[in-house]
Amino acid sequence: MSKWSGPIGQFGCFVFLLSLPLEAQSAEIPEIQTNHMEAAVAQLIDTTRARLEKNLNSAEAWGRLGMVYHAHGLLQPAIVCYQQAAKQDSTDYRWPYLAATALRNSNRTDAIAYYAEALKLKSNDHVLAVTYADTLIRNGQYEDAQVLYEAALPINETQSFALIGLARITYIDNDLVAAQTHLQNARQIDPNDREIYTLLAQVHMGLGNEEAAKESEWLARTYPHAKVLDVPIIEAMHSFAETAGAFVARGKRKMELGDYRGAESAFRRVLARRPGLAFDYGNLANVLARQGQYAEALEYFERGLKINPNNVEMLSNQSLALMADDQLDRAGKKLIKAIELDPNYGHAHFNLGVLRYRQRNFSEAVVYFRNALSTNPALTQTYLNLGTTYDAMGKFQEAIDVWKQLERIQPNNASLVFNIGLGWLRLGQDAKGSSAIRKAFNLEPNNKQIATRLIKLLATSQRHSVRDIPQVITFAERLYASSPHDPVLADLLAIAFAADGNFDQAVRYSEIALEFGTADRKFTNKVRSRLERYRRKVTF
Amino acid sequence: MPINAFSLILCLSLLLEACHKVDSNPSDHGFEDITLETRLNFQHTSGVEGRYLLPEIMGSGGALFDYDNDGDLDIYLVNGGKRAANKSDSANKLFQRNVDGSYQDVSKTAGLDDAGFGMGSALGDFDNDGDLDIYVSNVDNDRLYLNNGDASFSDISEEAGIQGHGWSSSATFCDIDDDGFLDLYVATYVTQEPLQACADETGDIDYCAPNAFRGESDRLYRNNGDGTFTFIGRKSGISKKNNNALGVVCFDFNGDHRDDFFVANDGERNYLWINKGDGTFDERAVAYGVAVNLFGDTEASMGIALGDVNADQRLDLLLTHLDEETNTLYLSTGDRVLTDATIQSGLGVPSIPETGFGVSLFDANQDGVLDVAIGNGRVRKQPGSAPDPGAGILDQFHDDYAEPNRLMVNVGNGKFADWCAVSNPFCTDLHVSRGLLTGDIDADGDLDILVMNSNGPARLYRNAIADKGGWLKLRLLDPTLNRDAIGAHVRIKVGDAWQIRPVIHSDGYLSSRDAVVHFGLGSALAADEIVVTWPRGERERFPPLMRNQMVVLLKGQGTAVEVAN
């Protein structure tokens with residue numbers, strides 16, 4: 001039985017009544033003028049049309065032309081094509097679904113009818129149910145939307161969209177406590193989704209909880225993006241877009257996904273189509289810099305800046321390439337110019353903070369990192385860097401305070417928690433330090449840096465409350481078992497045994513560590529020194 | 001008893017009818033175009049020449065005020081057109097209203113023929129001398145004009161310390177520090193670098209969206225009380241954020257008797273700057289529910305209207321937006337602060353195909369609840385729309401971007417219905433509308449509409465609605481400081497219902513008006529209670545007032561009302 005069998009029974013009738021738009025009137029291919037469009041777009045439309053003309057009974061051919069139109073914002077002809085595609089193949093959910101997508105912003109009533117038709121054809125689809133429900137709620141059909149969201153929840157429990165939808169409905173109903181519960185549940189699934197905190201801030205305000213509202217407000221600023229549904233068929237439709245602008249969007253998307261080669265290819269296509277726009281050169285330069293091709297990146301930055309010398313984003317990005325190329329003074333001048341042009345451009349302050357840190361001008365680095373945070377709270381890396389700068393200045397409490405702020409939004413960032421632990425140790429607060437480092441170790445048990453520091457701490461601390469020999473041996477043995485040829489882990493196990501007074505085992509594993517060898521002479525000398533002590537049965 | 005019951009049934013049935021179909025008799029909701037007969041001869045120009053530069057499509061606004069204190073409303077219209085061959089044709093124009101109701105151009109003699117590439121204007125008596133001064137926002141080089149009190153103005157921008165660089169949009173005067181002198185907030189849009197056109201989804205040339213450019217930081221000036229201003233943007237926190245601001249309204253949003261700013265941003269989260277009382281502001285739009293719509297979408301916010309649409313004595317916000325978005329109504333709900341009630345209001349769906357700019361909440365039929373007028377005009381072509389090979393540049397501009405305006409009637413409880421009849425020229429005229437103002441232009445007690453159209457004529461529509469209710473117009477006057485009591489609000493009780501109006505000069509889009517507040521009284525003969533809350537929170541009760549009159553309420557002449565803490 002379909003998961004929709006209960007509530008959707010009612011929709012069956014509803015669908016039947018509203019599914020009339022799918023009845024296409026005729027098989028005429030919609031005509032549009034293409035002479036004012038980009039040549040590549042016009043050509044794509046002409047070729048796709050020609051292919052369809054040869055095969056008017058093909059749902060795929062109709063659907064493809066629909067998608068080509070749709071990808072270029074030509075929604076009315078796209079819908080006609082989807083209707084014809086559905087006529088040729090009434091079992092394929094894609095055509096009503098795409099028609100619904102084309103209409104959802106302009107004609108919700110028809111869009112809803114198409115969604116209902118699509119859902120009949122593909123009943124167990126989380127994305128379809130959620131997008132359908134989102135449109136229903138925008139049309140004021142809250143009860144219908146609620147049924148769909150509730151049905152969508154068990155289909156994919158790793159997605160928070162349905163919970164956010166339910167939170168909206170309860171918020172509209174003025175049931176703020178229920179809205180809060182839905183949002184807290186959504187937060188468990190997607191702690192980085194801006195959408196959750198935006199609504200949660202309002203819910204907290206409504207409940208009279210000003211402090212909680214402020215916290216959610218801050219989180220809504222810190223997470224700059226709302227999570228969007230990943231819909232393959234929509235992605236496929238957009239991939240037909242042929243304009244230079246579409247290639248810019250595609251390149252940026254590939255950048256976000258870390259596909260730098262793909263992004264470079266997209267940005268080069270843009271430049272081939274419309275040379276002369278500054279930010280097109282900037283985009284290509286950025287992706288080249290990401291791939292370490294600094295010389296070429298700098299050349300493209302210069303070309304872009306020749307067209308628009310006051311583009312702060314490009315000046316700031318160029319500085320990164322210059323820093324990577326060790327041209328620190330030039331990088332600094334670019335960043336200062338960017339900040340003069342726009343004192344609110346957070347990335348320029350951030351980059352100048354990095355530059356000053358590299359120049360060991362820590363006090364100025366602090367100023368720029370602070371500016372970066374106040375102008376762009378979403379630049380969360382700034383907290384890490386600012387804390388690191390304070391740490392380098394010996395201001396350990398300030399470092400901890402800054403890192404603690406970041407921990408509110410990244411509680412599971414092992415490096416961050418580890419840094420906080422080190423900060424406490426530097427302040428002589430071993431208990432807090434060991435607690436944080438234990439937490440970091442639990443978050444990333446295979447991180448050797450964290451493990452080393454934890455084992456040494458638990459093995460050697462002067463405080464009995466911190467020292468924990470049985471734990472040390474357990475941790476060290478577990479680590480060593482995961483990589484028995486690692487000299488660092490062998491050394492750690494030796495330290496653990498020595499702390500427990502088992503010097504025979506300590507000697508054994510120190511010798512193993514030396515046997516495996518390492519190029520790090522400092523490490524080798526330390527192991528040798530420790531081995532000597534173990535042989536003399538002297539601990540720390 | 002039976003007769004009363006019959007009457008009640010009849011009333012209910014009429015109300016229900018009104019919900020389904022608002023009367024279609026044109027004479028019942030007509031706005032007559034009186035532009036020609038009043039000789040309001042103004043043609044806006046923005047220098048459209050096929051380069052599709054963004055300023056061409058964004059302006060302009062204007063002001064409706066009595067510049068010469070002769071008791072009637074004069075009209076100031078802002079022009080763009082820096083690139084026009086004859087600069088005087090593209091200067092701003094001040095039209096003085098004559099006794100016979102016609103207008104004459106007095107721009108030059110009044111000294112208000114600013115020739116900058118104009119966007120909007122903001123009124124305020126910043127020197128407390130009893131006449132309205134005016135700030136003109138331009139694409140570059142804003143101007144501050146001091147009203148000399150003799151029907152002329154002096155440009156005092158430099159000596160006043162105004163730094164008018166960048167692209168300013170809306171502006172507003174209000175008193176942020178309760179010193180009795182009006183301070184100035186200037187919203188700014190985007191940089192124009194790079195100077196470029198963009199393309200639509202088919203690659204056809206079109207105007208850019210604002211995100212093709214960098215947003216600018218808004219500016220805040222403190223009035224020093226001596227005719228000069230001090231820039232306090234960074235110190236106050238307001239200039240520490242960049243945004244694409246198009247609209248701004250100043251009012252006390254959290255009930256602490258301090259003026260806050262709501263800023264409508266184009267394509268990004270709106271801002272609500274809460275005044276902390278120490279010269280600094282906190283941006284709280286997210287928690288107050290006005291940063292985005294209910295669905296978390298950032299919208300292309302343009303115009304702002306402030307008013308109580310559901311008669312709960314709380315001020316609500318209506319924002320105009322791009323097509324494929326809705327205009328959005330944020331209802332003030334007390335503890336909930338503001339919540340998106342667009343769907344329930346009926347304002348959403350009709351606005352989806354339209355791009356709204358100027359907006360006014362006003363009681364057009366004087367039934368005691370606020371109706372809505374919206375000036376529409378696209379900023380992007382319909383994808384796939386083919387150019388007309390025979391059309392001139394301005395005709396093509398009109399074909400691509402003109403849209404009808406919209407009038408919605410409040411049918412009670414904050415629910416609205418379409419009120420555009422075919423014969424209503426306000427709704428049927430096709431223009432690229434931007435600024436929109438309502439005011440009693442012909443001094444007959446009801447509110448008329450002035451619309452400013454990009455690359456088109458300004459249009460004046462006289463309220464010719466039949467069978468309107470009674471009216472009351474009130475002007476607050478503080479004889480010492482902040483004379484127009486900007487930031488105050490007035491509540492009147494008519495029968496069992498209370499109405500509230502904010503006392504502000506600037507809302508809508510790029511536009512400003514005098515601070516007279518207008519109430520519709522329906523069939524009531526009088527307003528039974530009148531309570532003024534002055535800008536610093538003091539309350540005064542004034543005696544009942546009969547309908548159909550304009551009254552000045554002088555601070556201190558009423559009975560003080562105890563304000564509960």
Side-chain angles (χ1 to χ4, degrees), chain A residues 32-41 71-77 105-108 134 137-140 168 171-172 174 176 194-195 197-199 201-202 204-206 208 213-214 216-217 220-221 226 241-246 277-279 307-308 310-313 342-345 374-375, chain B residues 191 193-196 198-205 212 214-217 234 237 239-243 269 282-298 323-326 333-344 346 348-349 352-353 382-387:
Chain A
I32 55 161
Q33 279 190 42
T34 57
N35 55 348
H36 56 292
M37 299 177 181
E38 252 184 63
V41 177
H72 296 98
L74 305 164
L75 302 185
Q76 287 311 317
N105 289 335
S106 57
N107 183 342
R108 289 172 190 159
D134 284 349
I137 197 174
R138 284 170 191 261
N139 210 39
R168 279 205 189 95
Y171 181 79
I172 292 165
N174 203 18
L176 299 187
R194 180 190 72 185
E195 197 86 356
Y197 302 107
T198 303
L199 192 52
Q202 295 166 48
H204 285 313
M205 282 292 272
K214 278 190 174 167
S216 294
E217 209 174 7
R221 281 201 196 97
E242 269 292 321
T243 58
L277 289 182
F279 57 74
I307 298 165
N308 181 8
N310 295 337
N311 185 317
V312 291
E313 194 178 346
D342 184 359
N344 295 336
Y345 188 58
S374 70
T375 51
Chain B
T191 62
E193 289 179 343
L195 202 63
Q196 63 171 30
C198 286
D200 70 9
E201 289 167 278
T202 67
D204 191 14
I205 188 168
R214 185 163 47 87
E216 295 209 73
S217 55
R234 296 202 77 77
S239 299
K240 287 186 176 174
K241 279 175 177 281
N242 288 358
N243 49 327
R269 288 187 241 187
D282 262 351
E283 202 289 287
R284 303 295 311 277
V286 167
Y288 279 67
V290 289
V292 292
N293 68 11
L294 177 65
F295 308 99
D297 306 326
T298 52
D323 63 315
E324 298 198 348
E325 299 173 346
T326 63
T333 53
D335 288 345
R336 297 274 300 274
V337 193
L338 290 138
T339 191
D340 179 350
T342 309
I343 298 167
Q344 303 93 305
V349 171
I352 289 175
Q382 293 275 11
S385 62

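Numbered from 1 within each chain, the chains take letters A, B, ... in sequence-line order.
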If I measure from the heavy atoms of chain A, does [X] come under 4.5 Å with its side chain, its backbone, both, or neither?
X        : result
B:Arg214 : side chain
B:Ala285 : backbone
B:Thr342 : neither
B:Glu324 : both
B:Ser239 : backbone
B:Glu216 : neither

B:Pro387, B:Gly215, B:Cys198, B:Gly237: which one forms the most heavy-atom pairs within less than 4.5 Å of chain A? B:Pro387
Chain A shares the most heavy-atom pairs under 4.5 Å, among B:Pro353, B:Ser385, B:Ser217, with B:Ser385
Considering all heavy atoms, the nearest [X]-[Y] contact:
X        : Y        : result
A:Ala201 : B:Val286 : CB-CG1, 3.9 Å
A:Asn139 : B:Ile343 : C-CG2, 4.2 Å
A:Arg221 : B:Lys241 : NE-NZ, 4.1 Å

From [atom1] ([X]) to [atom2] ([Y]), nearest 0.5 Å:
X        : Y        : atom1 : atom2 : result
B:Asp323 : A:Asn105 : CG    : CG    : 9.5 Å
B:Asp297 : A:Glu195 : CG    : CD    : 7.0 Å
A:Met37  : B:Glu201 : CE    : CD    : 11.0 Å
B:Thr326 : A:Arg108 : OG1   : CZ    : 6.0 Å
B:Asp204 : A:Thr243 : CG    : OG1   : 11.5 Å

Please classify the contact of [X] with chain B as side chain, backbone, both or neither, using a heavy-atom distance under 4.5 Å.
X        : result
A:Arg194 : side chain
A:Glu217 : both
A:Ala220 : both
A:Ser216 : neither
A:Arg138 : both

B:Arg234 vs A:Asn344, side chain to side chain contact (heavy atoms under 4.5 Å, CB included): CA-CA, chis, key distance, verdict: CA-CA 10 Å; B:Arg234 296 202 77 77; A:Asn344 295 336; 3.2 Å; yes
Here's a test for you: under side-chain contact (heavy atoms from CB on, under 4.5 Å), which of A:Ile137, A:Thr198, A:Asp134 qualifies with B:Phe295? A:Ile137
Side-chain contact test, heavy atoms from C-beta onward, threshold under 4.5 Å: evaluate it for A:Tyr171 versus B:Leu294 and give yes or no. yes
Side chains of B:Gln382 and A:Gln76: closer than 4.5 Å at any heavy-atom pair? no
Around atom CD of B:Gln344, are there more than 12 heavy atoms of other residues, nucleotides or ligands at under 6.0 Å? yes
Under the 3.5 angstrom rule, does the side chain of A:His204 hit a backbone N or O of B:Ala287 as a donor-acceptor pair? no
Could you have a look at [options] and say which one has the most heavy-atom pairs with chain B under 4.5 angstrom?
options                      : answer
A:Asn310, A:Asn107, A:Leu75  : A:Asn310
A:Gln33, A:His72, A:His36    : A:His36
A:Asp342, A:Leu277, A:Thr375 : A:Asp342

